[in-house]
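Right, one structure below, let's go through it.
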4 protein chains.
Amino acid sequence: MSNSFARPATQTRSIKTQQKLMDALEALLREKDFDAISVPDLAAEAGVAVGTVYRRFENKEALIPLLFELWTTRSALQMETAAVKAEEVTSADLRQLLRTQMRAAYSFIREQAHILRAVHLQGRLRPQLIGEDWKQLWKDALAGNRAFLELVKDRIGQSDLDRAAEMMIYIANTALVEKALFNEDGPGYVVSAEGDAFADEIADIVYGYLSLGPA
Amino acid sequence: MSNSFARPATQTRSIKTQQKLMDALEALLREKDFDAISVPDLAAEAGVAVGTVYRRFENKEALIPLLFELWTTRSALQMETAAVKAEEVTSADLRQLLRTQMRAAYSFIREQAHILRAVHLQGRLRPQLIGEDWKQLWKDALAGNRAFLELVKDRIGQSDLDRAAEMMIYIANTALVEKALFNEDGPGYVVSAEGDAFADEIADIVYGYLSLGPA
Amino acid sequence: MSNSFARPATQTRSIKTQQKLMDALEALLREKDFDAISVPDLAAEAGVAVGTVYRRFENKEALIPLLFELWTTRSALQMETAAVKAEEVTSADLRQLLRTQMRAAYSFIREQAHILRAVHLQGRLRPQLIGEDWKQLWKDALAGNRAFLELVKDRIGQSDLDRAAEMMIYIANTALVEKALFNEDGPGYVVSAEGDAFADEIADIVYGYLSLGPA
Amino acid sequence: MSNSFARPATQTRSIKTQQKLMDALEALLREKDFDAISVPDLAAEAGVAVGTVYRRFENKEALIPLLFELWTTRSALQMETAAVKAEEVTSADLRQLLRTQMRAAYSFIREQAHILRAVHLQGRLRPQLIGEDWKQLWKDALAGNRAFLELVKDRIGQSDLDRAAEMMIYIANTALVEKALFNEDGPGYVVSAEGDAFADEIADIVYGYLSLGPA
DNA sequence: TATGAATGAGGCTTCATTCAT
DNA sequence: AATGAATGAAGCCTCATTCAT
């Protein structure tokens, strides 16, 4: 379990309190950065006392693994929901299929941006806190993608499907996340396309990559 | 000028002090996050008193624009150095050319990772502090890339060169930066390729994208 | 309420702490100026931690309205205590009555000099902090004095009783306060009379003023 | 000499610098409190370097005796200017004469309020710094007033002229100064009369006091 | 002599965490 | 178990004063 710093919540009341705290945290993350949220802030938002937070969590950092868990759970659900069935893959146009997938992924990421932003930043700032759950998530994503590539291998140029699966998730994720999280006004890599058009561009990039033959 | 919060340093001694402080900051950024560096930390590393920091900089935040400037300057220099001459473009193999470029870019980013990490994080956390210099950097990069595409337009599938130039910088940057800054142990999008091999993969992705014809 | 900057103290313990802090402040004000009292000073005197001060008071300035309140409360109590009954006024010698009153007032002011000194100085230095309570105090004092003049109007020369009431409080207060607060060693308007003799002099001045006919 | 902390300024240039600093101080005192004026502030206003201030004055406190001196000098000049000649006293109406005097005094105090405010506050806060010059000023004032009373002794009720002289200066000064320095918006003893009308009221009070016979 | 950069003690304040109620 | 008052280390910053140039 990644939430090794959360105290066991056995009683019904404890579980409710823990839920209230996570809900409060999520609400506050829509407004400000994790580090800018103080424990009193959190307690107030959740409607409990400061001491109660420490009865549930060893310290403030212990919330981070739970955020990761939240993200992991929602991602897994999303992956499941968005998975295409084998028969659809066979019949569909590959480029179009990728676009549909990418739109869904982008939409999901934008909805969960507040969580992902925290996970992103804190994952970088406090790598020791994040547990290993995300590795499983990554493996699942990779496996799903690998299976997908298997279904379309005759229609693509890449021959090393493992490497291609890895690369295409990497490229799509970094591109989508950057845009969804930060590309509104901050500095960085400006791109004019927005929304579905942006997702389509990324899909095309993946499509171009898959189409590529050996060097 | 982006360093509007730095106090003017006219005397030789001031300039030396300011340099000592920036050097100290850069050294500390190799170890820890900007927010984890206290003003006493910085003063100690630079070998000056706390008050001296405040004689040079209005407050701690005033260092951030200078970090941006540092990054901007170094980037501009790198772009100039790495620019390919027109005659080389004409004669070279496009895919190979992209690989060479991407390797240079990746190498540069890895060397400057400590600065870029701070610029990245603080740019997101305090967008109001970063000035507009990066926009010029972006425009220059875009213009250079656009000129490059013009030279090779007969060899690629994309017809909207403006959009393609924008997209290829975006994708290459997000991919390279993510790997260079965070992909060592943190969570995220693992990719097995390392070093030049990784840069080559990204170059291929760009190549694939450029090769692509209309949907 | 003027203590709008004091945090609400609901629990018994909070109230005790707040009382300890106010007592400590009052004790320290007997030794030094408000601005010379640091928050650590105050905390040490009260026997609490620095952070505790900030749990009770928004910041150091928030103590000033409470000082005003203290002064206001004590003044009101004193005014009530010292008020002369109508029948006493009628029968008494006016000049003697004024002396008795002035002695009581001077004695009170000397006892509360440490508070009044802070209120005086800070009221000048930070007028925005003092609330409006003192206006009520002033109105009450004026009304009481006006009523007193009404009772003795046949025995005095002044005909505009409103103006006379205002003026006599003003003159008595500035004179008594100056002497009580500062006239021990500082520069200023030396006066040889001390204690009751001084109060009697001021009473005589008021008496002389009241006796005066039109110019 | 009261300015025992000021370094001797023998050279012409030094004297000019000292004058520039005093002028700058006076200018700044029109805007803010002495304690709110920093040495860099002062140096900037005077157009000299910080170090130069310390070449002229041992420390910041050393300015205070000079402020006293300024006040003393100007007061003495004012007293001289405003002194009434013996023949005028004899012929004039006493009440009217007092009014004229009080108007002049009040007007002077209001013009010099910025200096007097500093002298007042700092005299209270740092009594050890103020030297003894003011005592001479006081003696002169007292002597002048005593001489005046001598001239009108047949027209007043008071028999102890020494005491009366002392008291009338005290009462007039505290009343006028309080109004001139602080009575605009701060807390305190509100009085509706303004300007000359206020000065006249104070003159009347003094007149009433002088008219008074023994208790 | 003048300059202004450098110093560092000390002030105010925050907030993660502890603990008495 | 819940509460919220109390704690105190640690951060940011100011400014009177010193001292190298």
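Values reported hereafter were calculated over all heavy atoms of this structure, with side chains retained and with hydrogens, waters and symmetry mates removed. Just so it is clear: chains get the letters A, B, ... in the order the sequence lines come, proteins before strands, and each one is counted from 1.
At dT1(E), one or more side-chain N or O atoms of Arg55(D) fall inside 4.0 Å of OP1 or OP2 (strictly under the cut-off). For Thr52(D) and dT3(E), the shortest distance from a side-chain N or O to OP1 or OP2 is below 4.0 Å. Residue Tyr54(C) places at least one side-chain N or O under 4.0 Å from the OP1 or OP2 atom of dT13(E). Regarding contacts with the backbone of dA5(F), a side-chain N or O of Arg56(C) is found under 4.0 angstrom from either OP1 or OP2.
Each of dA2(F), dA16(E), dG4(E) was ranked by its minimum atom distance to the side chain of Lys60(A); first place goes to dA16(E). For Ser14(C), taking side-chain heavy atoms from C-beta onward, the closest of the listed nucleotides dA6(E), dA5(F), dT3(F) is dA5(F). Side chain of Val39(D), nearest nucleotide from dC12(F), dA5(F), dA16(F): dA16(F).
Nucleotide dA2(F) holds its C1' atom 17 Å from the CD1 atom of Ile15(A), rounded to whole Å.
Ranked by how close their nearest DNA chain E nucleotide is to the 5' end, Val50(C) and Lys16(B) are led by Lys16(B). Between Ser38(A) and Val48(D), the one whose closest nucleotide on DNA chain E sits nearer the 5' end is Val48(D).
Phe34(A) carries Lys60(A) over the face of its six-membered ring, with the cationic atom under 6.0 Å from the centre and within 45° of the normal.
Across all strands shown, the partner of dT21(F) is dA2(E), judged by Watson-Crick or G-U wobble contacts whose two distances both fall under 3.5 Å. Pair check for dT7(E) finds dA16(F); Watson-Crick or G-U wobble, both atom distances under 3.5 Å.
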